[in-house]
Each structure stands twice: as C-alpha cells, then as structure tokens.
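Reviewing the structure listed below.
Just so you know, residue 1 is the first one in the sequence shown, and it goes up from there. In each ligand, atom 1 is the first atom listed, and ligand 1 is the first ligand listed.
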Amino acid sequence: MAFRNWRESVIYQLYPQSFKDGNGDGWGDLQGILDQVDYLIELGTDMIWLGPIYDSPLVDNGYDIRDYQRIHPRYGTMDDFQQLLKRLHENDIRLIMDLVINHTSDEHTWFQESRSSKDNPYREYYIWRSPGTDGGEPNNWRSFLGESAWTYDEQTGEYYLHLFDRKQPDLNWEHPPLREELYKMIRWWLDQGIDGFRLDAINMISKHPDLPDAPEDAAHPLGQQFYKNGPRIHEFLHELHEQTFAHYDHIVTLGEAPSVTMEEVLKYTLPERGEMDMVLAMDMMRIGKDPKHPWRSRDWSINELKESVLKWHEGVHGRGAYAVYLSTHDHPRMLPDIIGAGDHYDQAAKLVATFLHTIPGIPLIYQGEELGLPNTIYSSIDDYRDAGTLGYYEHAVADGESETEVLEHIHKRSRDGARAPIPWNCALPQAGFSEVEPWIPVTPEEQLHGRCVNDQMTHPDSVLYYYRQLIQLRRMNPIVIYGSLTMLLPQHEQIMAYVREWEEERWLVMLNFADEDVSIDWSAEQIDDTQQMIKLHGNYPKFSRPTNREDEHDLSELKELRPYEALIYRMQSVSL
Ligand code: TEU
C-alpha cells in the first residue's frame, strides 16, 4: 500500500447503517460496504471515515459505545472488518474509525461500576456532582438535545454530566487512570492496522474545573463556553498523541471541534505541536441555522460563506490543516432547501461540489452527496429515528406548539434528513439498499427523482460523474491543494469568485449561487480582463454557452453566469 500524502486526500464519510445492507436485516453493515468497495474506488476517494460500528445500545446510532473493543453484530464481525481493511489497503485507501471518547454509553461497564457506589474505583471515570444549593441540578448547563445536561442517579444521590443524551455520560479526563485506559484501547485499534481516527466532539473533553453557571441568554447549548476548548485541552490532546498515534506510521487524525478560533485551530493542528492533523471546519455548515434555536432556520447569504472561506484560509492554510464540508450525518442535507436549487437541481448539486473541491482545505464528502441526494422529508413523525428529533417533537407538542409547525421545523432541520439509505438501484424495492424494510425509510420517490447509483453510473453528465471528475482534477493539480486564494467581487450577493495561485499557475473559479442569470461587472476588480482563459470544468453541458469557442475566453467576454453555474478556468496571465 502506498498512501497519498493526507493533505492531498479527498475524504469520504461513510455512515454504515445507511450505506448498504449486506445480510438482509435492513441495517447497513460491513458486508454491504465490502460489496460496494468498487464504487468507492471508482469515486476516487483515498480516505474513508467510517461511522461508529462498536458494540452499543444504539441510542445515538453508535455514538454511545458500550464496548470499544467489540464490533456490534449488526455490522458484522472482526473478520469482516479485517477483510474490508485489506480491500481498502490493496487500493491505497485509508480507513479511519470514529473515536468517541468524550463520553460512553451508560451501559459501558465503566459507568455501571461508576454509578454503583461513591467509593467504587471507577467513580472518577465520570463527572459526578452533588445537588446544587437548591437541591436541583449542579448548574444550568443544557445538553445538545435541549434538556438539562445533568441526570440524577438515585443509587448514590448525585448527578452525572452528559453533554449529549442522558444515556451518554461524559468521561472525566481529569482522572489519569481513565486516560491510560483510553490510550490502551486506542493502541489496540491501531494494532489492528487501521489508519487513524475521526475524534468525536474532541474539543469538549476538558471541562472548566468549577463547572460554572452560564448566562441564560448565551447560545445553545447553555454552558458550552465552559467545556469547548477548555483549560487542559491541549495538554490532553498532546498526551493522547504521544501515547498513541506518535508510535505508528501513516496515522491521520481528524478532530470534530465546533466553535474554534483560528488561533485554536493552529494549536490543534500545527504538526510540531503533536495534537491532531486536522479539524473539521464546522462553521460552513451552520449556514441557515439559528444559533439560539437549533430547530429554527434563518436566512443566510453567500457572503457568510465567503467570510468563512477567507477566515480559514488566512488563519490556517499552509500551516495547520482542516477539512471542508457542507454535509454530514448531523445536519440536514443542503439541497434542495438550504443552498436552494429551483429548477436547476443538478447544477446546484454540482455547484456545491465545485465549491468544496476548489476552496482551500481537504474536501469531505458525506455519503450520498456525490449523488446529489436531497434532504429527506418524512411526512409522519413515526418515520423519524433520531432521539434528538423525537425528544424535540414530544416536548414541543406537549408545550402546546402546533404539530404542523413542529413537523415543519423537523423537516428542515432533523439530522435524519441526511440519514436515509443510499439508493443503489431505483428499480429495486427499497431502492436496492436492502431486501427488507430498512431501519429508516428510503427517500420517497417524489423527492428522490431517480437519483440512484445505477442510473448515474451510466450517465456521464450525472452528479456522480462530476464528483469523480473533480476528484481527478484535484489529483492532477497541486494548485487546488496548496494554492493561495484571493476573493474577487467580495460584496456580490449571488456570485462567489476566487483566484487560486500556485507557482506560475492561476485559476479562476466562479460560482453563481442564484437560481437566475446573474451579470458580472469586472470594472471594480484589479484584474486584467483581456487575459485568455482556458475552461477546465463547468457544470453545464459542453458547448451550451453561446460563444464562438467554448474553451477559450477572455474575462471581458464573461459577463453573465447562468443559474447555479460553476466554472473553473486556467488563466494564462493575470495581474491582481
Ligand atoms: O456531534 C457533536 C456535535 O458537536 C454536535 O454539535 C452536533 O453538531 C449535533 O449533534 C448536531 O445536532 C458528534 C456526532 O457527530 C454526533 O452524531 C453525536 O450525536 C455526538 O457527537 C455525540 O457523540
């Protein structure tokens, strides 16, 4: 195996229970992935981030781990896992696992021991506090699910902290034996031959020692300033690195770190600091989401996206590292509603792809995005599975909100919108995902519009082909990976345009985020508009532009972009 330098990678996030069912139980599994390895190879990704497959009660789809060193039988066996690893390695694809070490399941033996008595040796593995002065919760922190972050445990008369579900108690990283035990487990996985980890909620492991109350008007969830990027975070991460990753070759780590400043990102990812390789640039995905109300949407403008691109580029590019993405299993898909698509759905899907593959940062494709899958809307609450979604529904309806309104919020914001099974073949029942009814329904046909793998495989103008081409374009052109970026038309409200530059080479990327023709006025830009441009890629069929020669323009000719049009040009020479 000869792995690519990870800075040149394109990562593919595989959410296993929704990828492919290989054993006919309605739940995606390792055999299903093995059956589809060729699909991944053809796509061109060289790094798979595999969602959690560990033993778990599956309250949060595996982000609640009961036993780190066992694979849940629903996913298969350790043998299946080894086979998958071998197939991927034969094709120079890295496999990185999801590592959830901010919390475990409450069914983990450590927690079972911990809750059993105050003097149990495992007590300090978790964060226990006696009731506050009023006899209630020790502080006002709320969990990501919206309820109190504390649950009272009768057995010992104390509360335990859980930033997520009450069945996901937070681990106490202040306690050295816990850290040792985690490192041992991590080394065990690295010894299995895996290539690294995505570190779940990793910037939350160091809590402020006093666990102070948060101001009531702070952003959701209350308390986050006291545990995100906490006081000992860099010390913990460096120790983790030294005790585990540093002893293995080719290991790649990708940290989930919401709410970070660029200074912090550098601390996390500067190679000489020995913490992590890259973080997920999460702020791009927050577009359209109300920060105070997780279930409400808000208007957004592409200027926010531009700011985010610039912020990460100027703050981190070329020094630390970060992955860029617009969808994961935690957020609704961007199409059709958040980005918008109008009557130009395929163009919009390809526009998103062009954006992600041509801005600085390592692109991360969440499964199904390469098919342009839509955010799935289930008409009945009974079809939703996510505990956070169901909890919100129950509370909101009990509080007297109208069911129709609550469902509308859920349609727009539920994490399940991105968790529908991959449609492998539209001609088969369950869209070819499984022979039986899947754990969550497939996307209804009137939303899917036939965007299945089998169909897209045979259409060179499909979204799938477009992703493959972009991945190849990155492979062939270091400018996309290492080049600098200059934003043009910074105030334009519909168009994003940037120049990438690397050594003697210059590219211009133009993206129209509007569902209409939009004109461009270059006169205010410091750019020589008579320079020749060679078109490298675009999301409208070739020769559909009414110019004499499709592939060569000068900038002055380019006065208009079509709805959701994306264009990549090589510029012969340009003075900025
Ligand atoms: O998510 C952690 C996280 O930071 C959340 O803000 C996430 O954005 C939120 O769930 C959105 O509703 C990670 C996992 O990606 C997520 O699936 C898990 O539920 C969570 O950790 C707990 O392990």
Centre of W128's six-membered ring, under 6.0 Å away, within 45 degrees of the axis: is that where NZ or CZ of R123 sits?
-> yes
Examine distances only and state if a side-chain atom of R66 and a backbone atom of H108 form a donor-acceptor pair shorter than 3.5 Å.
-> no
Apply side chain to side chain donor-acceptor pair (under 3.5 Å) to the pair W295 and D290, showing each step before the final yes or no.
-> CA-CA 8 Å; W295 289 99; D290 184 331; over 6 Å; no
Once you restrict both partners to nitrogen or oxygen, which atoms of ligand 1 have a protein partner under 3.5 Å, and how far apart are they?
from, atom 1, to, atom 2, distance (Å)
ligand 1, 1 (O), E256, OE1, 3.4
ligand 1, 1 (O), E256, OE2, 3.1
ligand 1, 1 (O), D330, OD2, 3.3
ligand 1, 10 (O), R415, NH1, 2.8
ligand 1, 15 (O), R198, NH2, 3.1
ligand 1, 15 (O), H329, NE2, 3.0
ligand 1, 15 (O), D330, OD2, 2.4
ligand 1, 17 (O), H329, NE2, 2.9
ligand 1, 17 (O), D330, OD1, 2.7
ligand 1, 17 (O), R415, NH1, 3.4
ligand 1, 19 (O), D60, OD1, 3.3
ligand 1, 19 (O), D60, OD2, 2.5
ligand 1, 19 (O), R415, NH1, 3.1
ligand 1, 21 (O), D200, OD1, 2.9
ligand 1, 21 (O), D200, OD2, 3.1
ligand 1, 23 (O), H103, NE2, 2.8
ligand 1, 23 (O), D200, OD2, 2.9

With a 6.0 Å cut-off on ring centres, are F164 and F144 close enough?
-> yes
Could you tell me if the ring centre of F81 sits under 6.0 Å from that of W189?
-> yes
With W49, which residues qualify under side chain to side chain donor-acceptor pair (under 3.5 Å), at least two apart?
-> D98
